[in-house]
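A short write-up of the structure that comes next.
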Amino acid sequence: MDLKKDVKYIKGVGPNRVTLLNKLGIFTLKDLITYYPRSYQDRSKPQNIIECVSGEEVLIEAIACGKLSDVRLKGKTMQKLVVRDETSSCTITWFNQSYLKNKFEIGKKYKFYGKITNQFGKISMTSPVFDENEKNFNTGKIIPLYPLTYQLSQNVLRRIVESGLAEVEEKLPETLPDYLLREYDLEDINEATKHIHFPQELKDFEKARKRLVFEELLSTQLALLELKNNYMHEEKGISFDKNVKMSDVINQLPFRLTKAQIRVLEEIDNNMEAETPMNRLLQGDVGSGKTVVAMCSAYKAVKSGYQATIMAPTAILATQHLENFEKIFNSLGIKCELLISGISKKKKENLLERLANGDIDILIGTHAIIEENVVFKNLGLVVTDEQHRFGVKQRTKIAEKGKNPDVLVMTATPIPRTLALILYGDLDISIIDELPPNRKTIETFAVNKKMTERVNGFIEKQIQEGRQAYIVCPLVEENEELDLKSVEELYETYQRKVFPHYKVEYIHGKMKPKQKDEIMERFKQGEIDVLISTTVIEVGVDVPNSNIMVIENAERFGLAQLHQLRGRVGRGEYQSFCVLKYEGKGETVKERMKVMCSTNDGFIISEKDLELRGSGDFFGTMQHGLPEFKIANLFEDMPILKAVQEIAGKILREDPKLEQDKNVLLKDLIRDKFMKRIEI
Ligand code: ADP
Ligand code: MG
């Protein structure tokens, strides 16, 4: 048995099906048997015909009462068969299945599974699958339903999986060490693989799933922790100069740092002075003041004789950072430059030259910094200010521009600790858990559609006082075309009917980056009064003069995302407001609106979000860079995740390099993880 065997050699797979399987990411026998079902259909328990609920899919056991009729109808054929059990009869209909003609014997019992309808006592079933009574091909068991099949039918895919399983039956090499299987009461790999596809009862499925989830989470966690161990123990980094004091920068600031900022800076300072390279995640809610932390760190690097780079998710944010940095650094004789994709060729050439010979101390920019031709003289510190998560690979790529530079990853997405460990397990974590003082909380209201006029009146009042407003469009099921339509419609309404006397503009994700930046710039300059937007403004642009945000159909957003959006206001001296317009009366909707109105604390909100929506949605809103799990669900499997994190920690404490015999299999698992297409 060869797990790497091409699926084209599996029974039932011809050239067409190979292509379709490949589209599902199934190339090898192993891919096939680890293509796990999304859910199951119980076709094992027959019901009495008379008791079946009309409209449901059911299994019946019934005797064929007559011959199958086969009639031709406008180019179609239709097959009918009348069957009965002890309680009632049922007419079964198929279309274009003439081959069924001689399949049924009068008086013999069959099992049918399909949708049943009962119209005033006339019971019928259309196009069911069936088996002879004692056979169990299509019925008589719990049937897996696979997440995506393209043009393969569930039946065909199931058959192919069955062939695959037949080849590996009882022959799969164990992938987890014996001691873990015993200690945590986990099923062996052969049982688990069989049962995850074809459980005989719920209990089988639960056991199988537990084992597979355990394996998946453990290998990911171990891989991340090992990566972290490698940085710490094997690679020598830079020891930045102990005599460079971050306080030189701090003393220039027009405000006092919060306790949290000071604590985080101490952690970073120590880490930078130590010889081990820094790989640190800085978490802090929107507005908690992460930029000055980046600034102090960059200062330390530069004054120690190195260059630093700050990477932001958009050009406009990068520009904003540059302005902030220059305010402090120009007077300290530190040279900052901006690299974004929009700059002219000549300017860029000149910039790259000065970067390579060390004239530029701090390079601030977008993804453009990752490009190959960007060469530093001696890069010592990399800061990424990210909206979404960069994967390990991208982080590594930019770090490769220096010799083991220190890396600081900043994020405003508050993540509960357990999750941070699996998303950022390769990093140390620092948290700013405090906002600067005197920050006015954003007053948040949840209202229904009927209040639209009053809300518009309120916006108008703010504009008259010189402020600006954001109006955020509803999310349309991740469909950019429809998002576009909704943003344009909303724009029409507001510009023509509601605020014809003010300047309204709109911005959305499909616009070219340059166009987006141009509109944001005009908004920042106060040339636009009302900005209609999709979630693209989630990114942390500072427009202190805008103090009101209205979010349409707020019920469609995750809480974490509402919080990110809301963070766009409340950045200046003005009392700020967020109005959540929602529809629907569900308890969860109300509960979620209540959470938003009652707290401004991102961590509380993200915990609640997880609780109320589940991880699928939570991460749906984070969108990018999440490790793709084949079977684990970070929310449902939180208890396993917690257990696994402890176990992984314990294993690596005892055997940091996984050199002991008993851990050989774990070493293989990790290697597998890193070779995969999936990026951690
Ligand atoms: P974020 O963490 O969202 O990136 P910023 O770094 O942009 O937040 O900071 C938000 C605003 O708060 C900026 O205008 C910044 O100058 C200001 N700020 C940062 N730290 C403090 C502080 N300790 N006291 C007062 N204002 C601060
Ligand atoms: Mg920021």
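Remember, it's 1-based here, ligands and their atoms both numbered in the order they're listed.
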**Request:** Examine Y494 together with Y506 and report whether their ring centres are nearer than 6.0 Å.
**Result:** no
**Asked** What residues form a salt bridge (charged side-chain N to carboxylate O under 4.0 Å, His left out) with E583, not counting sequence neighbours?
**Response** K449
**L355 vs E337 side-chain heavy atoms within contact, under 4.5 Å** = no
**Asked** Heavy-atom contacts under 4.0 Å between D285 and ligand 1: side chain, backbone, both, or neither?
**Response** backbone
**Request:** Could you list the atoms of ligand 1 found under 4.0 angstrom from a heavy atom of T291?
**Result:** 4 (O), 5 (P), 6 (O), 7 (O)
**Asked** In ligand 1, which numbered atoms sit nearer than 4.0 Å to a non-hydrogen atom of L257?
**Response** 23 (N)
Can you list, pair by pair, the side-chain donor-acceptor contacts under 3.5 Å of residues 369-378, counting residues two or more places apart and other chains?
{"unit_1": "E371", "atom_1": "OE1", "unit_2": "K348", "atom_2": "NZ", "d": "3.2"}
{"unit_1": "N378", "atom_1": "ND2", "unit_2": "G305", "atom_2": "O", "d": "2.8"}

**Prompt:** Does any N or O in the side chain of S247 come within less than 3.5 Å of the main-chain N or O of I250, such that one atom is a donor and the other an acceptor?
**Reply:** no
**Request:** Considering only NZ, NE, NH1 and NH2 on the basic side and carboxylate oxygens on the acidic side, decide whether K300 and D269 come within less than 4.0 Å.
**Result:** yes
**Asked** atom 9 (O) of ligand 1: which of P436, G289, S288 has the nearest heavy atom?
**Response** G289
**Message:** Show the atoms of ligand 1 that are less than 4.0 angstrom away from any heavy atom in T258.
**Reply:** 23 (N)
**Request:** May I ask you to say whether E527 pairs ionically with K503, meaning some side-chain N is under 4.0 Å from a carboxylate O?
**Result:** no
**Short N or O distance, G284 and ligand 1, threshold 3.5 Å exclusive** = no
**Prompt:** Judged by non-hydrogen atoms, does R571 sit under 4.0 Å from ligand 1?
**Reply:** yes
**Asked** Which ligand 1 atoms, with their elements, are less than 4.0 angstrom from a heavy-atom of R256?
**Response** 22 (C), 23 (N), 24 (N)
**Prompt:** At the 4.0 Å heavy-atom cut-off, does G287 count as touching ligand 1?
**Reply:** yes
